[in-house]
Structures are given as C-alpha cells and as structure tokens.
Protein chains: 2
Amino acid sequence: MLTIGTLARKTGTKVQTIRYYEQIGLLNEPGRTAGGQRRYAQSDLDRLAFVRHGRQLGFSLDAIRDLLGLSDNPDQSCSQADSIAQQQLVQVQQRILRLQALETELQRMIAECEGGQTGDCRVLEVLRDHSECLTDHDNIGE
Amino acid sequence: MLTIGTLARKTGTKVQTIRYYEQIGLLNEPGRTAGGQRRYAQSDLDRLAFVRHGRQLGFSLDAIRDLLGLSDNPDQSCSQADSIAQQQLVQVQQRILRLQALETELQRMIAECEGGQTGDCRVLEVLRDHSECLTDHDNIGE
DNA sequence: TATAAAGCTATATTCACTAGAGGTTTTTAT
DNA sequence: ATAAAAACCTCTAGTGAATATAGCTTTATA
C-alpha cells in the first residue's frame with residue numbers, strides 16, 4: 001500500500017495534482033486508513049503513470065480520459081486510440097510551425113536592435129508598427 | 001472618436017478582451033459618452049495594436065506591460081526591450097525543441113499501431129509502459 | 001512520548017481570455 | 001417621431017491544468 005507522497009515521488013507529480021486528478025474523476029478513489037489518509041495499490045500507480053505519460057506527450061486530460069477508457073476495454077478497436085494520437089500529432093505540428101514563424105520574427109527584431117535609445121529601438125518599433133497588422137482585420141472602407 | 005466595437009474590429013480583438021485589458025490596467029480608461037459608453041482616441045488604438053502585436057509574438061501580458069513602459073520612456077536604453085525579446089526568443093526555441101521531440105515520439109507510436117485490437121495497440125502500450133518514465137523520478141532504493 | 005513529517009479539506013489563485021444573463025444606449029429605418 | 005435592431009453596459013462565472021495557502025489531523029520516527 002502506497003501513500004500519496006510515494007505515488008507523487010514515483011511519478012513526478014505534485015501531491016495536490018494527484019488529489020486534483022481524483023477530484024475530476026481521472027483516478028479512482030483509493031482506500032483510506034482509519035485516520036482518513038489515502039492508500040494506493042500498484043494498479044493506481046500504473047494508472048497515474050499512464051496519465052502522466054500522456055501529459056508528457058501533450059495530450060489533454062480529456063484525451064487521456066478517452067485513452068484510459070480504451071485501455072480498459074481491450075476488445076475494442078485500436079483505431080480510436082490511433083485517431084486520438086493522430087489528432088495530437090497534427091496539433092503538435094501546427095504548433096511547431098507557428099512557433100518557428102515566431103522565432104524568425106523575433107530573431108529579425110533582435111538582430112536589428114542595436115542597443116541605442118528606445119526612441120530608435122527596433123524591438124519597440126516592430127511592436128508599434130501596426131501598418132501591416134491592422135489591415136489584416138480591416139482594410140475595407142476606412 | 002471610436003467605439004469599442006470599431007477598436008475591436010480594427011485590431012482583431014474581442015470586445016470583452018478590450019474591457020479585460022482595461023480592467024487589468026493594460027489600457028487606459030477611455031472617455032465616456034453621456035450614456036456611459038466608451039469612446040476611444042487614435043492613441044488608444046495604437047496602444048491596443050501594440051498589445052495585440054506583442055501577443056501575436058507570444059509575449060505575456062506582463063512582458064507587454066514592461067514593453068509598453070519602455071515605449072513610453074524614449075530616453076531609456078533599448079537594451080531592456082532587447083533583453084525581454086531575447087528571453088522570449090529563448091523560450092520559443094525551447095518550446096520548439098520539446099515539441100519536435102514529442103512529434104517524433106508520436107510519429108513512432110502511430111507508425112507502429114496497425115489498427116488491431118486495443119490489447120495490442122501500440123499507442124496504448126507506449127502510454128502504459130512506464131518502465132522508463134518511472135525511473136526518471138525515482139530509481140533509488142525501491 | 002514528544003516532535004517532525006506527511007497527510008487532510010477547503011478555498012483561492014494563476015493566465016488570458018471567453019461566455020452569458022439581463023439591462024441600457026445608440027443608430028437606423030420608416 | 002418612433003420603433004426596432006444593433007451595439008453597448010456591468011457583473012458573474014467558466015475554461016484547462018494545475019498550484020498555493022491556511023489551518024488542522026494523522027502517522028512515523030527518536
């Protein structure tokens with residue numbers, strides 16, 4: 001029987017986070033001691049490890065909830081789990097593209113900044129210059 | 001004099017978001033009509049555009065608050081703005097690296113999944129397999 | 001047996017918005 | 001001038017995924 005602290009240590013999770021997962025129904029309510037403290041079995045550790053691994057892969061708690069359900073039903077098709085992972089992959093790839101575009105603009109901004117007065121600061125200038133960005137939203141009739 | 005809706009349209013911001021920015025002190029309180037509606041000047045539009053552009057570049061509202069302050073003090077050195085942008089760049093680059101590692105693992109996971117029963121599903125197996133991940137946090141004495 | 005460490009509940013906070021209820025003002029059309 | 005529609009107002013609550021705090025109780029160790 002494992003205490004919540006041991007579970008936390010073994011999975012790299014904060015104690016409060018484990019209680020939070022229980023609260024939102026992601027983990028089963030464990031048994032309690034006479035004094036009311038939680039005591040976990042190995043299966044609880046496995047389940048928490050599954051959740052944490054999913055989080056490390058960027059899955060939302062909702063997606064993890066689905067994956068847990070699939071994992072509990074070994075007779076169902078694998079294709080649902082696959083499709084959840086596919087969606088996650090697409091999202092990750094989109095995020096990478098956006099961040100790379102952002103990286104480029106930040107680099108350009110910083111490269112052009114020569115450490116002078118803020119009056120000439122390229123960083124601030126880029127932020128101030130809305131000549132392009134405003135017209136993205138409204139270029140009709142004004 | 002611009003209404004809040006016009007400001008929203010011109011900057012691609014939701015009306016509520018503009019009111020939220022005012023509430024947290026990022027935008028100045030604008031003038032009001034006799035009936036109590038907000039009316040903005042061009043300078044308010046410029047400031048909001050600055051904020052939105054900063055958000056597009058991934059700056060936190062706190063960072064933007066600092067940048068706005070620097071922008072208002074043209075006598076200060078540019079180096080502070082530069083350093084905020086540098087920090088942002090580092091963060092973005094770190095996020096890209098993490099996401100790329102994640103992308104690789106997801107791709108491997110999906111590639112090995114052949115759409116069979118969930119009992120053999122590689123996606124679920126990877127999530128279940130904590131042989132590596134547990135030892136990341138606790139490999140001493142248990 | 002005393003004390004320290006770990007646990008407990010309950011509530012609030014974070015970030016950056018977003019949504020909704022229920023009402024008022026302004027604009028537009030007739 | 002008036003009716004209707006569009007836009008505005010405040011206030012409150014919710015999102016995701018935790019994290020933090022206060023004040024208390026239980027368990028483990030010396």
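Atom set for the values below is all heavy atoms of this structure, side chains included, hydrogens, waters and symmetry mates excluded. The sequence lines fix the lettering, A, B, ..., with proteins before strands; numbering per chain opens at 1. Owing to the predicted nature of the structure, the values given are computational and were not obtained by experimental measurement.
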For A/Thr11 and A/Leu7, indicate whether the former's side chain and the latter's backbone hold a donor-acceptor pair under 3.5 Å. yes
B/Ile18 CD1 to C/dA16 P: how many Å, rounded? 17 Å
When all nucleic acid strands are considered with a 4.0 Å heavy-atom cut-off, which category describes A/Arg19: base, sugar-phosphate, or nothing? base
Non-hydrogen atoms of B/Gln88 and A/Leu106 that approach each other most closely: CG-CD1, 3.6 Å
Range on DNA chain D touched by chain A - first to last nucleotide, heavy-atom distance under 4.0 Å: D/dA17 to D/dT27
Going by an N to O cut-off under 4.0 Å, is there a salt bridge joining A/Arg122 and A/Glu125? yes
Nearest heavy-atom neighbours spanning B/Pro30 and B/Glu22: CD-OE1, 3.5 Å
Shortest non-hydrogen contact between B/Thr13 and B/Ile18, atoms and distance: CG2-CG1, 3.8 Å
For C/dT18, take OP1 and OP2 only and decide whether either is under 4.0 Å from a side-chain N or O of B/Thr17. yes
Under the rule for side-chain contact (heavy atoms from CB on, under 4.5 Å), what residues qualify as partners of B/Arg39, not counting sequence neighbours? B/Met1, B/Thr3, B/Thr33, B/Gln37
Quick check: do A/Leu45 and A/Phe50 have side-chain heavy atoms less than 4.5 Å from each other? no
Mind checking if A/Tyr21 touches a base, just sugar-phosphate, or nothing, with heavy atoms under 4.0 Å? sugar-phosphate
Considering heavy-atom distances to DNA chain C, does A/Tyr40 or B/Leu61 have its closest nucleotide positioned more toward the 5' end? A/Tyr40
d(OH, B/Tyr20; C1', C/dC15) in whole Å: 6 Å
Starting at CD of B/Gln23 and ending at P of C/dA16, how long is that distance when rounded to a whole Å? 14 Å
On a heavy-atom basis, the closest approach of A/Asp82 and B/Ile110 is OD1-CG2, 3.6 Å
Which one, C/dA19, C/dC17, C/dG7, comes nearest to the side chain of A/Val15? C/dG7
If you look at every strand shown and take non-hydrogen atoms under 4.0 Å, does A/Ile24 touch a base, only sugar-phosphate, or nothing? nothing
Once you round it to whole Å, what is the distance between P of C/dT14 and CG of B/Asp62? 11 Å
Looking only at heavy atoms, the pair that brings B/Arg47 and B/Leu26 closest together is NE-O, 3.1 Å
Grab the NZ-P distance between A/Lys14 and C/dG7 for me, whole Å please. 14 Å
Could you pull out the protein-nucleic contacts involving nucleotides 25-29 of chain C (nitrogen or oxygen on both sides, under 3.5 Å)?
{"from": "C/dT26", "atom 1": "OP1", "to": "B/Thr33", "atom 2": "OG1", "distance (Å)": "2.8"}
{"from": "C/dT26", "atom 1": "OP1", "to": "B/Gly35", "atom 2": "N", "distance (Å)": "3.2"}

Taking atom P of C/dG7 as reference, at what distance in whole Å does atom CG of A/Leu2 sit? 11 Å
